[in-house]
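Below is one structure, written out as structure tokens; comments come after it.
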There are 2 protein chains.
Amino acid sequence: MTLSPDVPTAAPRAAVRHRGSGNARPTAAGRALSVLDAFGPRHRCLSLSEIARRAGLTLPTAHRLTRELVNWGALERDSAGRYSVGLRLLELSALAPRGLELREAAFPHVEDLHQITRGNVQLAVRDGMQVVYVEAIRARVRNPVTSRVGDRWPMHATGTGLVLLAYSEPDFQEAVLRSPLERFNPMTVTDPAELRRTLAHIRQTGVAVARGQITMPDLVVAVPVLDPAGEVTAAISVVVETEGARPRELAAVLKQASRAITRALSPRR
Amino acid sequence: MTLSPDVPTAAPRAAVRHRGSGNARPTAAGRALSVLDAFGPRHRCLSLSEIARRAGLTLPTAHRLTRELVNWGALERDSAGRYSVGLRLLELSALAPRGLELREAAFPHVEDLHQITRGNVQLAVRDGMQVVYVEAIRARVRNPVTSRVGDRWPMHATGTGLVLLAYSEPDFQEAVLRSPLERFNPMTVTDPAELRRTLAHIRQTGVAVARGQITMPDLVVAVPVLDPAGEVTAAISVVVETEGARPRELAAVLKQASRAITRALSPRR
């Protein structure tokens, strides 16, 4: 049994370079940000020379900036002298209106979804041309593929991403469909024409359902979440094993949870 | 009914200035960090001039740094031109070994604690001379006091903080006890001698129990969480209404959950 997130079977962000990353930075603030960019899901703990190399900085510059980031709390230094991301960033990220604040409003309903469906549940928002998970609850099974808070994925290959793309402005949709669409497994749809049809169908039904096409053995169902003004602000998805899954029931439960999240986001609840 | 976090009835961090904050920053990277410092629980959404004022920067400098931080994803700009914290920081903070990674290992057990006790549950780590919540689940009741992921609190006034202080090295304990100990309500203990006795008792029993002394109508029970090497790495607490509460039972359930989290943190599970 390999329940998955609503994503392909690959490590997140491995193939997704963040829009802000890159080695050549003209400004001092940019060089400090490039130190932070050196960290990633496969690079959680780095030595000073690894930071310098990954950030494209000289060792003295990396040393000075790293010390400054440690003092501020963005990085932590362990007893072996290696660096990792610090809690000041968790504290700051909790202030993101589309991050932990949204998670806070959604949490009980996302938890209910997980309890009812026994599947993996994801809450995601659009950021640039990707989706970022602001909540992710995994089924308690041995699970080689993990979905985690903070994971960033391309839109065309995830349930939440397809929903958020379906409700995006047409110019943005076309920009995404014209960008390189990575194939994560043999079933990943990367043909713009086929994706356009999928998006139209999602807008008609209000639900994205994908069997196998996204994660091989699994079924993902995803729906939009509206803010109190009626705009699509996020998407939630459930991933369950395809065998025995009932997509219509899952869609109904998801729509119920989506409405509850919208109410929780409303200031006049 | 006013179930609270394991903290006093006051807004978090209002009285806690972060070690890295301050207006006079000599370096360019420091000025960029001071832009991020301008944001806080009561300042989630700021105009450019508010950022400049709070960061102690000129308007042109604030404008340049803010634009750079927006491009990188640390900040977002809404349609009204106001700024808030962006998702790139959530993505980065998910890499913090003592942040969302710890939360990930602890999550099912913290959720169980919440289901069994129906109380507020907090998972916290020490950062500087404070504790930071890396997980917080609130009871679903009207709750004027909130505990949120990323909240930062002084150690002497929280259940998790007292546990983490009790298991800290003696020099650190004395440094905390010599620092200004804020009184959040009439029951907050701020006398170093009394706190020393409390810490000794926590080390003897392995549990912190506080009734009223921390949050007025509530009972908080907190225990340490060990890492696989046997070091105290975090603390978990449950807050319930004092009436009808059974501290011994809560302590037993917490110790059980704590051991399960240690196992989940172990690489060879």
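Lettering follows sequence order; numbering is per chain, from 1.
Both the backbone and the side chain of A:F39 come within contact range of chain B, each with at least one heavy atom under 4.5 Å from a heavy atom of that chain.
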### Message
Applying side-chain contact (heavy atoms from CB on, under 4.5 Å) to B:D37 and A:R88, what does each step give before you reach the verdict?
### Response
CA-CA 10 Å; B:D37 275 331; A:R88 177 68 179 129; 2.7 Å; yes
Between B:Q115 and A:Q115, is a side-chain contact (heavy atoms from CB on, under 4.5 Å) present by the stated rule, with each step listed? CA-CA 12 Å; B:Q115 298 282 347; A:Q115 297 283 348; 3.8 Å; yes
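Of all non-hydrogen atoms in A:A28 and B:A28, the two that sit nearest each other are CB-CB, 3.3 Å. Contact between B:E111 and A:H114 at its shortest, heavy atoms only, is OE2-CD2, 4.3 Å. Here the closest heavy-atom approach between residue B:P97 and residue A:V85 is recorded as CD-O, 3.6 Å.
The side-chain hydrogen bond (donor to acceptor under 3.5 Å, both in side chains) test applied to B:H43 returns B:R54, not counting sequence neighbours. Annotation: side-chain hydrogen bond (donor to acceptor under 3.5 Å, both in side chains) contacts of A:S47 (sequence neighbours excluded): A:S49, A:E50.
Interface check for chain B: of the options A:V35, A:L65, A:L87, the most heavy-atom pairs under 4.5 Å are formed by A:L87. Heavy-atom pairs under 4.5 Å with chain B were tallied for A:A136, A:C45, A:G86, A:S93; the largest tally goes to A:S93.
Between A:R98 and B:E91 no salt bridge is recorded (no basic side-chain N to carboxylate O distance below 4.0 Å).
Under the side-chain contact (heavy atoms from CB on, under 4.5 Å) test applied with A:L90, the options B:D151, B:V134, B:D127 reduce to a single match, B:V134.
Separation of atoms CG (B:L92) and CG (A:L92) is listed at 11.0 Å; rounding is to 0.5 Å.
The backbone N or O of A:G30 sits less than 3.5 Å from a side-chain atom of B:E68, completing a donor-acceptor pair.
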